[in-house]
Amino acid sequence: MFDSEEYQLLLDGFIEYATEHLKLQLSTISRYKVILDDYFQSYVINKCSVDDYDAIFSTEKLSLITRKSNNVRPSLIKFLEFLRDEKLIDENKYFQLESNIKATQTYVPENPDRDDKIEFLTPNEIRRLFSDRLEFKHEYEEKTIPLYCALSFFYMFKQKDIIKLELSDIDLENKRIKNVRKANNPESELVEWLSLNQITLDYIQEYLPYRGSLEFDGTELLIMSNRDGDIIGPLDNEKINRLFRCLHRRSNALLFGNKGIHSEMLMRSMMLYILLSTDGQGLYQMLLEQEMNNSALEYAFNEYVSIVRARNQNNIIERYSIEDILPNKKSTKQNKEDVIKGAYSETNDINENDIGDYDMNNERNLEQNKVSIQRMVRDSRISRQLKDLYEDKCQLCNHKLRKSNGDYVSEGHHIKPYNRIHRGDDNSHNMIVLCPNCHTQFDDLYYAIHPDTEKVHCIFGEEERYHLSSLTMHKGHHLNKKYLEYTWQLFEEKKSKTHRKITINKY
């Protein structure tokens, strides 16, 4: 009996055949795989005998296909070609079964437009993709695939964009990567640089030594070797298809629900979750990174709209008021209190209700050459995770503030403020957990952390002995010196002014 194992062996062989001999795009192979899976699971497995291809491709079974897609017929015919070239059927049998496929019209749509399902990765599948659960057989897979996927997902680069990336497009010192879409169209208003998040930075730092060991003289960022370490050359479409075969192996494919992962799926999945997590506002950022004529963006936006419509079905949608669309101009004058707040504090930050919790613990939002956002996220996912880690206990005074309902309250403090004035980053290396009292004093530069010793200093020196100590730090939570240095300089300036004022008043 034709079972699942027999089918999987044939399918693995077909994918290799389609990649190596037919030179099909990975996205095409992915669509063919979905159709073949549907047909064999529904009508062949445990229903036909092994090698009984007359029954497997009989007009009776083929007429049962209900899928409306232009890809049904070519996927079945290409599978037949694979069986013929692998000598599993002879030439006469091939033409006979091909006639059966062509004679069966029920699965051919009247509308020739493409209508096969556009798939997206789920959140859990995305986490698995960037975890240590993937299995690799060769070093070139282990070093290249994670970096390629990160560039395709986080930066939404098309396959052709990644092929064009060169070593000079990576700026490790400033943790950024060149937006090659801008280079393709210099006259566009796209941003020139994109910040590297920690995941991608780690992959690059693992990949570059491997690339250097191959002694390749070219300038292309991504190159490929074979299993023996011999250089094949820079990535191109064919080599990328070969790379992605790793993700289609059974052990890896199960992590993604047997979806055929390819560049556009990664791009549109990222776009969809940006739209969902920002309630659509992330579209503005994406349009600063890439042109609008992008099929992945179209698919992601259509999926987002369908989800929003489903959520709001039969609900009343609020109308905008005249104040919403025609706000009064605010006075340009600022009182002293506003000036003082703007000098350092996080007053201009916003909370999670305004933008959701999409941040991925990265530094992408605040690059000078990237996007200038009017309001920044304050109570982010990173903040909530840190508060859970410290169980709402203040890292400065070790006090837990309790509310009337029995819950404890703490606040995430950005050492370098996360707003448009100071352009700090929303990540755990720029954040500590404080009680509201200590947070207020930190915002006022009453306290600051020395960048070398990480000791907490008070602006009045020995007058605050209780707090002149190191912060309580959990293992794995580390502060970045660049944020400490930024705030320490402001602290020193304010301390100098405060002491001069006290000295003048004393006399």
Side-chain angles (χ1 to χ4, degrees), residues 25-27 120-121 125-131 134 136 140-172 174-184 190-211 216 218-225 233-247 256 261-274 282 285-286 288-291 294-297 300 360-365 367 369-370:
Q25 293 289 326
L26 191 60
S27 57
F120 296 84
L121 292 174
E125 289 167 351
I126 293 169
R127 293 187 184 97
R128 291 172 195 143
L129 182 63
F130 298 108
S131 70
L134 290 177
F136 303 106
Y140 72 84
E141 295 177 345
E142 183 179 1
K143 301 299 184 183
T144 311
I145 289 175
L147 177 55
Y148 183 97
C149 290
L151 294 171
S152 188
F153 181 73
F154 292 113
Y155 307 94
M156 297 166 281
F157 284 147
K158 293 181 179 179
Q159 189 162 300
K160 64 178 183 179
D161 297 328
I162 297 177
I163 290 173
K164 291 180 181 178
L165 280 172
E166 298 191 352
L167 288 170
S168 59
D169 294 326
I170 304 293
D171 181 0
L172 286 179
N174 295 301
K175 297 183 180 179
R176 61 184 187 175
I177 184 171
K178 187 164 288 186
N179 185 7
V180 289
R181 292 166 293 227
K182 171 73 171 180
N184 296 338
L190 303 181
V191 294
E192 186 174 356
W193 292 94
L194 306 173
S195 299
L196 288 170
N197 64 17
Q198 194 60 48
I199 291 176
T200 312
L201 190 61
D202 290 343
Y203 288 151
I204 290 175
Q205 290 173 334
E206 290 179 11
Y207 173 78
L208 290 179
Y210 160 75
R211 186 191 182 285
F216 179 69
T219 60
E220 293 86 353
L221 174 65
L222 295 182
I223 61 176
M224 188 169 173
S225 66
L235 282 191
D236 54 27
N237 291 333
E238 180 185 347
K239 296 184 182 69
I240 291 172
N241 290 340
R242 192 185 310 176
L243 269 179
F244 271 97
R245 281 165 47 194
C246 168
L247 300 180
F256 313 110
I261 295 180
H262 51 86
S263 298
E264 184 164 303
M265 178 186 287
L266 293 173
M267 290 169 55
R268 64 178 178 241
S269 296
M270 178 62 156
M271 292 170 177
L272 174 62
Y273 290 114
I274 288 177
Q285 176 177 323
M286 287 189 282
L288 289 176
E289 297 182 18
Q290 55 196 290
E291 303 289 356
N294 187 315
S295 60
L297 181 57
M360 303 288 286
N361 198 12
N362 63 48
E363 303 174 5
R364 300 186 62 203
N365 291 340
E367 275 291 327
N369 293 330
K370 192 172 189 304

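The aromatic ring centres of Phe244 and Tyr148 sit less than 6.0 Å apart.
The shortest heavy-atom contact between Lys239 and Pro234 is CD-O, 3.3 Å. Across Met271 and Ala296, no two heavy atoms sit closer than the pair SD-C, 3.6 Å. Closest non-hydrogen pair, Ile274 versus Met156, comes out as CD1-CE, 3.9 Å. Between Tyr207 and Ile223, the shortest heavy-atom contact is OH-N, 2.9 Å.
A donor-acceptor contact shorter than 3.5 Å is absent between the side chain of Ser152 and the backbone of Cys149. Judged by distance alone, with hydrogens and angles left aside, the side-chain atoms of Asn174 form no donor-acceptor pair with the main-chain N or O of Arg176 at under 3.5 Å. Side chain of Arg181 to backbone of Leu190: no donor-acceptor contact under 3.5 angstrom is found. Checked by atom type and distance alone, the side chain of Ser263 never pairs as donor or acceptor with a backbone atom of Lys158 at under 3.5 Å. Put simply, the side chain of Ser269 gets close to the backbone of Met265: a donor and an acceptor are under 3.5 Å apart. A donor-acceptor pair under 3.5 Å is formed between the side chain of Asp169 and the backbone N or O of Glu166.
Leu129 has its side chain out of reach of Ile126: every pair of non-hydrogen atoms, C-beta onward, lies at least 4.5 Å apart. At least one side-chain heavy atom of Leu243 sits less than 4.5 Å from a side-chain heavy atom of Met224. In this structure, Leu167 and Leu222 have side chains that are not in contact, with every pair of non-hydrogen atoms separated by 4.5 Å or more. The closest side-chain heavy-atom distance from Phe153 to Leu121 is not below 4.5 Å. Using a 4.5 Å heavy-atom cutoff, the side chains of Ile177 and Phe157 are in contact.
The aromatic rings of Phe130 and Phe154 sit tilted relative to each other, their planes meeting at an angle between 30° and 60°.
If you check the side chains of Glu289 and Asn179, you find no donor sitting under 3.5 Å from an acceptor. No side-chain donor-acceptor contact under 3.5 Å links Thr144 and Tyr210.
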